[in-house]
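Reckoned from all heavy atoms, side chains included, excluding hydrogens, waters and symmetry mates. Only a predicted model underlies this, so the values are computations on that prediction, with no experimental measurement involved.
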Amino acid sequence: MEDNRKEQIEALEVLLEFNERLVKNMKIIVKELSGKRLDDTDKFLKSIVDAINWEIQVVNGTLEVINAGEERLDKEAFNKAVSALAGAIKAKDDAAMAAEFQNVIPVFEKLGEIAAKVVK
């Protein structure tokens, strides 16, 4: 059981480093989807989606340690924000994607803050 907790903490340490870059890239993609599209915007978007999916996997695997003793992450609210973004991406609507990224950025910033608290 202690090994499992140690692995979860290690996963959150990696997420913490990864999360900062992901949030920065989300802010950049908002600009690109808001009318400043580049030739590689779709490729960049895919890399961001892949990173989001990775962080979701980490959250799913570490939720027990994230919420140990207190609820730090509301999984339902987290899922709702990510699902709204997924819907906009599926619709391939740049304006909707930009708006949903704006909504989800604070969710991922909070995830980074939570990870920082848990790994201390």
Side-chain angles (χ1 to χ4, degrees):
M1 194 161 153
E2 186 60 35
D3 285 345
N4 188 32
R5 179 174 163 64
K6 184 179 177 194
E7 287 175 10
Q8 289 178 356
I9 296 293
E10 288 172 358
L12 288 173
E13 287 171 345
V14 174
L15 181 139
L16 189 54
E17 293 176 28
F18 195 82
N19 179 270
E20 189 176 321
R21 194 168 42 247
L22 173 59
V23 169
K24 179 182 171 192
N25 287 341
M26 286 180 184
K27 291 176 181 178
I28 294 168
I29 200 72
V30 167
K31 291 176 187 171
E32 291 188 24
L33 295 171
S34 298
K36 297 179 181 163
R37 216 172 220 288
L38 302 173
D39 291 340
D40 68 344
T41 295
D42 288 329
K43 184 178 178 183
F44 187 43
L45 177 62
K46 184 188 178 323
S47 71
I48 292 169
V49 169
D50 290 345
I52 289 170
N53 286 332
W54 181 82
E55 288 203 12
I56 290 168
Q57 288 177 347
V58 172
V59 167
N60 289 337
T62 61
L63 195 58
E64 180 183 315
V65 74
I66 287 173
N67 285 338
E70 67 179 285
E71 184 180 63
R72 292 181 184 94
L73 179 71
D74 179 345
K75 184 75 160 108
E76 189 175 320
F78 181 82
N79 287 342
K80 184 177 179 182
V82 171
S83 292
L85 174 61
I89 292 169
K90 186 175 180 184
K92 298 184 188 283
D93 179 333
D94 283 4
M97 284 188 279
E100 292 304 333
F101 269 111
Q102 288 281 44
N103 292 335
V104 86
I105 286 170
V107 172
F108 279 85
E109 287 174 331
K110 183 177 180 192
L111 176 60
E113 291 168 11
I114 291 168
K117 287 178 186 174
V118 172
V119 299
K120 281 186 180 179

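When the shell of 6.0 Å around CD of E71 is examined, it contains more than 12 heavy atoms from other residues, nucleotides or ligands.
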Please list every donor-acceptor pair under 3.5 Å in which a side-chain atom of residues 19-28 meets a protein atom from a residue at least two apart or in another chain.
unit_1	atom_1	unit_2	atom_2	d
N19	ND2	E55	OE1	3.0
N19	ND2	F108	O	3.0
K27	NZ	E109	OE2	3.2

Counting only pairs under 3.5 Å, give me each side-chain donor-acceptor contact of residues 112-120, with atom names and distances, residues two or more places apart or in other chains.
none

Show me, pair by pair, the donor-acceptor contacts under 3.5 angstrom made by side chains of residues 42-49, not counting sequence neighbours?
unit_1	atom_1	unit_2	atom_2	d
D42	OD1	R37	NH1	3.1
D42	OD1	R37	NH2	3.2
K46	NZ	D50	OD1	3.4
K46	NZ	D50	OD2	2.8
S47	OG	F44	O	2.7

inquiry  = Set out, in order, the CA-CA distance, both residues' side-chain angles and the distance that settles side-chain contact (heavy atoms from CB on, under 4.5 Å) for V58 and V14, then state yes or no.
reply    = CA-CA 9 Å; V58 172; V14 174; over 6 Å; no
inquiry  = Test side-chain contact (heavy atoms from CB on, under 4.5 Å) on L85 and I52; report intermediate values, then the result.
reply    = CA-CA 11 Å; L85 174 61; I52 289 170; 3.8 Å; yes
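The salt bridge (charged side-chain N to carboxylate O under 4.0 Å, His left out) pairs that include a residue from residues 81-93 number zero, where partners must be two or more places apart or lie in different chains.
Salt-bridge check for R5 with E7: failed, with every basic side-chain N at 4.0 Å or more from each acidic carboxylate O.
Applying the side-chain hydrogen bond (donor to acceptor under 3.5 Å, both in side chains) rule to E32 yields the partners T41; only residues at least two apart in sequence or on another chain are considered. With sequence neighbours excluded, no residue forms a side-chain hydrogen bond (donor to acceptor under 3.5 Å, both in side chains) with D39.
Of the N and O atoms on the side chains of K75 and N67, not one donor lies less than 3.5 Å from an acceptor on the other residue.
Remark: side-chain polar atoms of Q8 are paired, donor with acceptor, to backbone N or O of G61 under 3.5 angstrom.
Atom NZ of K36 and atom CD1 of I29 lie 13.0 Å apart (nearest 0.5 Å). Interatomic distance, E100 CD to I89 CD1, rounded to the nearest 0.5 Å: 9.5 Å.
Residues S34 and A98 come closest through the heavy atom pair OG-CB, 3.5 Å.
Side-chain contact between F78 and L111 is present, with heavy atoms from C-beta onward closer than 4.5 Å.
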